[in-house]
Chemist: 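Before I ask anything, let me first share the structure, which is written out below as structure tokens.
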Protein chains: 2
Amino acid sequence: MSAVTDPLVWEHVQPAAARRLLTGAVDAFAERGFQATTTRDIASRAGMSPAALYVHYPSKERLLFEISLYGHKAALDVLRSADTGPTPADRLRSLVAAFTAWHAEHHTIARVVQYELAALSPEHLAEVATIRRAISTQIEQVLTDGVAHGSFAVADLPGTTLAVLSLSIDVARWYTPHRGNPAALGKLYADLAHRMVQA
Amino acid sequence: MSAVTDPLVWEHVQPAAARRLLTGAVDAFAERGFQATTTRDIASRAGMSPAALYVHYPSKERLLFEISLYGHKAALDVLRSADTGPTPADRLRSLVAAFTAWHAEHHTIARVVQYELAALSPEHLAEVATIRRAISTQIEQVLTDGVAHGSFAVADLPGTTLAVLSLSIDVARWYTPHRGNPAALGKLYADLAHRMVQA
DNA sequence: GTCTATAGAACGATAGAC
DNA sequence: GTCTATCGTTCTATAGAC
């Protein structure tokens, strides 16, 4: 079962018809991009006529926003839950493993989250940008703590924060299920990120 | 002067009208994506009517292909020229510094190269895929050499190759000129990549 | 080689029946 | 809440004058 079409992921979307449209939109946006996806395509993936979409969503952009907002919240939740461990090194490894595995496991949602920001309205973009800053802060804080603790050596804090995030985010670009499993990839990337900052 | 609109970069495209269309297309594709860009937009950036585009290019996709093919060749050339140094560590640092700086300096071309592959025709995609494999091989070889030399410790060779490439490629997603200069970013990333694989 | 004009198709979104 | 039908717009690409 694909992570994207896993109904548990979108259980909070009601009624079922709205959920079918939303999961169809995730698959289509991830596969072809927002601009190349037609409302007819989304509706037909949900087994409905083009007009039925507008009963549940006022526009194609609103559908994108619902996906992007939920995806950003889910990614931030994953990071906040993973920020545990006795040392900064343990916390960083846990953060990177979880964030990377999420991008692999949910690579279709992640692709929409990371690569379709430009298609959002200015208001909707501002809303997800707030969450993006919180995600970045979560990584930056553990690096700061590691430097204070003496276990990390970081010459450029904002630059290294961005590099650690980059490593996980880029997974959404290339990942397909046949290219390794999310947990193993998370472990590898946790190791690589730790080595990047180790004193 | 923006790297993209630097006429020296596209000097080989003749006549000048074709070059103006091509640089307009690079800017538009990088800014809005291939699907969201209209032929009218490209033509107006070149100061021409929509119809004039078709005197120089048979389709919008062909314009994308010319940009993507040239961009891939330029990226591979940068890597091949940078693969120098007495030790694998020196070579890796030089490769990552050059590849990263290229993605920053030419971030608009790089964005088209890395994020618009899905809009290419199957035949054109196959052609650039050949170059992409050569790019990947260039990094993988130096990692292999470093392991044989005893200076690198790499648990997962294909996974680490991809991670090193990811770090540079993702620069195209977020880079703007106000976020640091390409050479400094290249140095930082060379250091981070080296630490990722150091024995 | 550039223009104006437009063909022909597809798009997002709406109207109104059931 | 779903359908069929379609509105009004916009798109890629072409025709033909200059």
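Every chain is numbered from 1 and lettered A, B, ... according to where its sequence line falls, protein lines coming before strand lines.
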Chemist: B:Y57 has an atom OH; how far is it from atom C1' of C:dG1, in whole Å?
Modeler: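 Atom OH in B:Y57 sits about 14 Å away from atom C1' in C:dG1.
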Chemist: Do nucleotides 13-18 of chain D as a string where each nucleotide becomes B, S or -: B if the base has a protein heavy atom under 4.0 Å, S if just the sugar-phosphate does, - if no protein is that close.
Modeler: BBB---
Chemist: Nearest-Å distance, CG (A:L21) to P (C:dA13)?
Modeler: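 Distance check: A:L21 CG to C:dA13 P gives 14 Å.
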Chemist: Expressed in angstrom and rounded to an integer, what is the separation of A:H56 atom NE2 from D:dC3 atom P?
Modeler: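 Interatomic distance, NE2 of A:H56 to P of D:dC3: 9 Å.
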Chemist: For B:Q14 and C:dG1, what is the distance between atoms CD and C1' respectively, to the nearest whole Å?
Modeler: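 Atom CD in B:Q14 sits about 15 Å away from atom C1' in C:dG1.
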Chemist: For the pair made of CZ in A:R32 and P in C:dA10, what is the distance, rounded to whole Å?
Modeler: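 Rounding to the nearest Å, CZ of A:R32 and P of C:dA10 are 13 Å apart.
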Chemist: Angle between ring planes, A:W10 versus A:Y70, binned at 30° and 60°: parallel, tilted or perpendicular?
Modeler: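 Correct class here is tilted.
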Chemist: Taking atom C1' of C:dC11 as reference, at what distance in whole Å does atom CD of B:Q35 sit?
Modeler: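 The distance from CD of B:Q35 to C1' of C:dC11 comes to 13 Å, rounded to the nearest Å.
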Chemist: Out of D:dG1, C:dT2, C:dG1, which has the shortest distance to the side chain of B:M48?
Modeler: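 It is C:dT2.
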Chemist: Which donor-acceptor pairs under 3.5 Å do side chains of residues 79-86 of chain A form with protein atoms, sequence neighbours excluded?
Modeler:
| unit_1 | atom_1 | unit_2 | atom_2 | d |
| --- | --- | --- | --- | --- |
| A:S81 | OG | A:D77 | O | 2.9 |
| A:D83 | OD1 | A:R91 | NE | 2.8 |
| A:D83 | OD2 | A:Q138 | NE2 | 3.0 |

Chemist: Contact class for B:T38 vs. all strands (heavy atom < 4.0 Å): base, sugar-phosphate, or nothing?
Modeler: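 Answer is sugar-phosphate: B:T38 comes under 4.0 Å of backbone atoms only.
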Chemist: Do A:T38 and A:D41 have a side chain donor and acceptor closer than 3.5 Å?
Modeler: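 Absent: no donor and acceptor within the cut-off.
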Chemist: Any ion pair linking A:R195 and A:D191 (charged N to carboxylate O, less than 4.0 Å)?
Modeler: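 Between A:R195 and A:D191 there is a salt bridge, with a charged N closer than 4.0 Å to a carboxylate O.
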Chemist: Return the orientation label for the A:W174 and A:Y189 ring planes: parallel under 30°, perpendicular over 60°, tilted otherwise.
Modeler: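 A:W174 vs A:Y189 ring planes: tilted.
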Chemist: Salt bridge check: are A:E127 and A:R132 linked by an N-O gap of less than 4.0 Å?
Modeler: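 Answer for the salt bridge query: no.
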